[in-house]
Amino acid sequence: MRGGDGSAEIAPRVLSRELKALATAGLIDRRDYGTVPPKVDYRLTPMGRSFVPIIDSIRKWGARHLAGV
């Protein structure tokens, strides 16, 4: 995952917002262990796993057509 400015980092607030949106859409499940310090796991749901081939196709298209951009 990359930040909006193309960097390799993403602000924690942005990451939290995106993970919540993915969970709301049913693409990931969130598991909160209720510990201190906080521990949370995210896993793809079956619907999220079904989306992986689509993402892979988009990635391959980008590698072919946008390599020099």
Side-chain angles (χ1 to χ4, degrees):
M1 185 175 285
R2 295 189 327 168
D5 62 356
S7 68
E9 296 183 21
I10 185 168
R13 213 166 144 183
V14 173
L15 178 60
S16 178
R17 183 185 68 217
E18 295 300 317
L19 288 169
K20 284 179 186 174
L22 290 169
T24 299
L27 295 171
I28 61 173
D29 279 327
R30 180 181 190 271
R31 179 177 179 195
D32 186 342
Y33 288 87
T35 61
V36 176
K39 179 181 177 184
V40 179
D41 282 341
Y42 293 91
R43 296 214 166 114
L44 288 173
T45 62
M47 185 167 64
R49 281 191 296 279
S50 74
F51 198 59
V52 171
I54 297 165
I55 301 248
D56 189 48
S57 293
I58 293 169
R59 184 191 60 78
K60 287 176 184 175
W61 182 92
R64 282 192 313 269
H65 299 287
L66 304 174
V69 175

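Nothing here was measured: the structure is a model prediction, and the numbers come from that model.
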Locate the shortest heavy-atom distance separating Lys39 from Asp32; write the atom from each residue and the value.
-> O-OD1, 3.7 Å

Might you point out which heavy atoms bring Thr45 and Ile28 nearest each other, and give the distance in Å?
-> CG2-C, 3.6 Å

Rounded to the nearest 0.5 Å, what's the gap from NE2 on His65 to NZ on Lys60? Could you check?
-> 13.0 Å

Is it true that a side-chain atom of Thr24 and a backbone atom of Lys20 form a donor plus acceptor pair closer than 3.5 Å?
-> yes

Nearest-0.5 Å distance that lies between atom CG in Leu22 and atom CZ in Arg30 = 13.0 Å

Please check if Met47 and Ile54 belong to a single hydrophobic cluster, counting links between Ile, Leu, Val, Met, Phe, Trp and Tyr side chain heavy atoms closer than 4.5 Å.
-> no

Should the pair Arg31-Asp29 be classified as a salt bridge under the 4.0 Å nitrogen-to-oxygen rule?
-> no

If you measure from OG on Ser50 to CG on Leu44, what distance do you get to the nearest 0.5 Å?
-> 9.5 Å

Measure the OH-CG distance between Tyr42 and Leu19 for me, rounded to the nearest 0.5 Å.
-> 4.5 Å

In terms of hydrophobic clusters joined by side-chain contacts under 4.5 Å, are Ile58 and Ile55 together?
-> yes

